[in-house]
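Treat the numbers as computed from the prediction; the structure is a model and nothing was measured. Whatever order the structure lists ligands and atoms in, that order sets their numbers, starting from 1.
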Amino acid sequence: MRQQDQDAMRRAIELARAQHGRTGENPSVGCVLISADGRRLSEGATGDGGRPHAEQLALTLFEGKLPPGTTAYVTLEPCRERSTGEASCSHRLIEAGVAKVFVAVMDRHPKGAGGKAAIEAAGIEIETGFLEEEAAFLYEDFFASLD
Ligand SMILES: Nc1c(N[C@@H]2O[C@H](COP(=O)(O)O)[C@@H](O)[C@H]2O)[nH]c(=O)[nH]c1=O
């Protein structure tokens with residue numbers, strides 16, 4: 001595991017932790033975008049009440065086109081579908097041209113799950129379960145609410 005990857009995911013976890021408990025029924029997610037040469041391009045966490053989503057915010061805050069080779073670090077599997085009718089986070093990451101995605105925890109919500117498959121189908125590398133044990137606390141209540 002590269003130190004840079006761990007640092008970026010830990011930053012995403014920190015962002016999600018700061019919003020934990022503030023996102024209503026939606027889980028709190030953190031997203032960090034890092035360029036191929038290691039610069040932090042943008043970041044975001046799920047907004048108060050659950051929207052915007054973390055990836056959506058991080059991508060919106062970055063003005064312009066992402067440089068080639070950008071990696072996204074996300075604490076939860078990027079959603080496959082939105083209940084708001086907006087573009088999903090997996091779709092947004094694909095459209096933005098990210099080169100690789102690291103995910104800590106896989107989503108179990110019917111609209112969240114499936115983002116990994118969509119990203120893979122677009123030919124983008126995705127590594128899941130990355131620092132999962134450090135991010136798991138963020139989703140315990142959310143997953144329990146789905147049972
Ligand atoms: N908050 C959050 C996610 N939340 C996941 O997306 C699902 C649909 O969300 P919504 O359309 O807002 O109702 C939600 O039930 C949950 O599984 N996903 C993400 O990629 N990033 C985020 O920041």
Number the atoms of ligand 1 from 1 as they appear, then name those within less than 4.0 Å of a heavy atom of [X], with their elements.
| X | answer |
| --- | --- |
| Ala54 | 22 (C), 23 (O) |
| Pro78 | 20 (O) |
| His109 | 15 (O), 17 (O) |
| Glu55 | 19 (C), 20 (O), 21 (N), 22 (C), 23 (O) |
| Thr46 | 1 (N), 22 (C), 23 (O) |
| Phe142 | 16 (C), 17 (O) |
| Asn26 | 1 (N), 2 (C), 3 (C), 4 (N), 5 (C), 9 (O), 10 (P), 12 (O), 13 (O), 14 (C), 16 (C) |

Give a yes or no answer on whether the side chain of [X] reaches the backbone of [Y] with a donor-acceptor pair at less than 3.5 Å.
| X | Y | answer |
| --- | --- | --- |
| Arg92 | Ala87 | yes |
| Arg82 | Ser88 | no |
| Glu77 | Gly114 | yes |
| Thr75 | Gly30 | yes |

| Heavy-atom closest pair, residues Ala45 and Ala16 |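 Nearest pair, atom of Ala45 first, then Ala16: CB-N, 4.5 Å.
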| message | To check you understand the geometry: which heavy-atom pair defines the closest contact between Thr46 and Gln19, and what is its length? | response |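 The answer is O-NE2, 2.9 Å.
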| field | Among Asp107, Val98, Val103, Val29, the one residue meeting side chain to side chain contact (heavy atoms under 4.5 Å, CB included) with Pro78 | value |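 The side chain to side chain contact (heavy atoms under 4.5 Å, CB included) with Pro78 is passed solely by Val103 among Asp107, Val98, Val103, Val29.
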Tell me: protein heavy atom nearest [atom], and distance?
| atom | answer |
| --- | --- |
| atom 17 (O) of ligand 1 | Asp107 OD2, 2.6 Å |
| atom 10 (P) of ligand 1 | Ser83 OG, 3.3 Å |
| atom 6 (O) of ligand 1 | His53 CE1, 3.4 Å |

| Under a 4.0 Å heavy-atom limit, does Pro52 contact ligand 1 with its side chain, its backbone, both, or neither? |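 Under 4.0 Å from ligand 1, Pro52 contributes no heavy atoms.
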| task | Would you mind telling me if ligand 1 is within reach of the side chain of Arg51, the backbone, both or neither, using heavy atoms under 4.0 Å? | result |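 Under 4.0 Å from ligand 1, Arg51 contributes side-chain atoms alone.
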So is there a nitrogen or oxygen of [X] less than 3.5 Å from a nitrogen or oxygen in ligand 1?
| X | answer |
| --- | --- |
| Gly50 | no |
| Lys111 | no |
| Cys79 | yes |

| message | Tell me whether Arg17 is salt-bridged to Glu14, with the criterion being a basic N under 4.0 Å from an acidic carboxylate O. | response |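 No, no charged N to carboxylate O under 4.0 Å.
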| Taking C-beta and beyond as the side chain, do His109 and Phe142 meet within less than 4.5 Å on heavy atoms? |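 The answer is yes, as the side chains (C-beta and beyond) meet within the 4.5 Å cut-off.
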| message | Tell me whether Glu77 reaches ligand 1 (any heavy atom closer than 4.0 angstrom to a ligand atom). | response |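 Judged by the 4.0 Å heavy-atom criterion, Glu77 does count as contacting ligand 1.
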| Pairwise distance CG(Leu15) to CZ(Arg10) - rounded to 0.5 angstrom |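 Spacing of CG (Leu15) from CZ (Arg10) equals 14.5 Å.
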